[in-house]
Amino acid sequence: MTSTLRSLGYIALLAGLFTAPARAEEVKAGDLVISQVWSRATPGGAKIAGGYLTIENKGSAPDLLIGGSGDFAGRVEVHEMAMNNGVMTMRSLDKGLAIEPGKTVKLAPGGYHLMLMDLKNPLKQGDKVPLTLEFQKAGKVKLALEVQGVGAQAPATGDHSGHVKK
Ligand SMILES: [Cu+2]
């Protein structure tokens, strides 16, 4: 995105602040806008699942996604999946995931994700599971994880317009 377009985006945003109703699935926390929080159903008693979401930083300072928690899971970690010499590997981002200012970071299958571990109950399609994320600056943010079907690659309510970073 060019800086001109980005400026226009900010102007549009400012103009819309007091008139446009926030979309229901968006959660604002400080400078962050979080949307498309979803996971997949876990049939067969799986104790682990991935969590996915989109985080936009509209501020001028970086933030850091440190981790999360929820009653449904014993542990929530931030992971990265990447190809390493042709092998798919996954590692825990112990220092957190940077959300740079002006950028949108997408946690999605095959890349960054939340690792939901020690699940207390199976995730069922259609469930909305309360989840709290923790950011260095924005602090704790309460969200709802929308559980999609087993093979879902993207949220069913997908809004793929505009601000997806690639
Ligand atoms: Cu993982």
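Keep in mind that this is a model prediction, so the values were computed, not measured. Throughout, residue positions are numbered sequentially from 1 according to the sequence presented. Ligands are counted one by one from 1 in listed order, and the atoms in each one are counted from 1 as well.
One hydrophobic cluster, built from ILVMFWY side chains closer than 4.5 Å, cannot hold both M115 and L53; they sit in different ones. I66 and V141 sit in two unconnected hydrophobic clusters of ILVMFWY residues. Membership requires side-chain heavy atoms under 4.5 Å apart, directly or through other members. Cluster membership for L133 and V33, using ILVMFWY side-chain heavy atoms within less than 4.5 angstrom, is not shared.
Looking only at side-chain heavy atoms (C-beta outward), E56 and K28 stay at 4.5 Å or farther from each other.
Looking at H113, its N, O or S atom nearest to the Cu ion (ligand 1) turns out to be NE2. The closest approach of H79 to the Cu ion (ligand 1), by N/O/S atoms, is made by ND1.
Residue contact annotation: M81 places no N/O/S atom under 2.8 Å from the Cu ion (ligand 1). With 2.8 Å as the limit, M90 counts as an N, O or S neighbour of the Cu ion (ligand 1).
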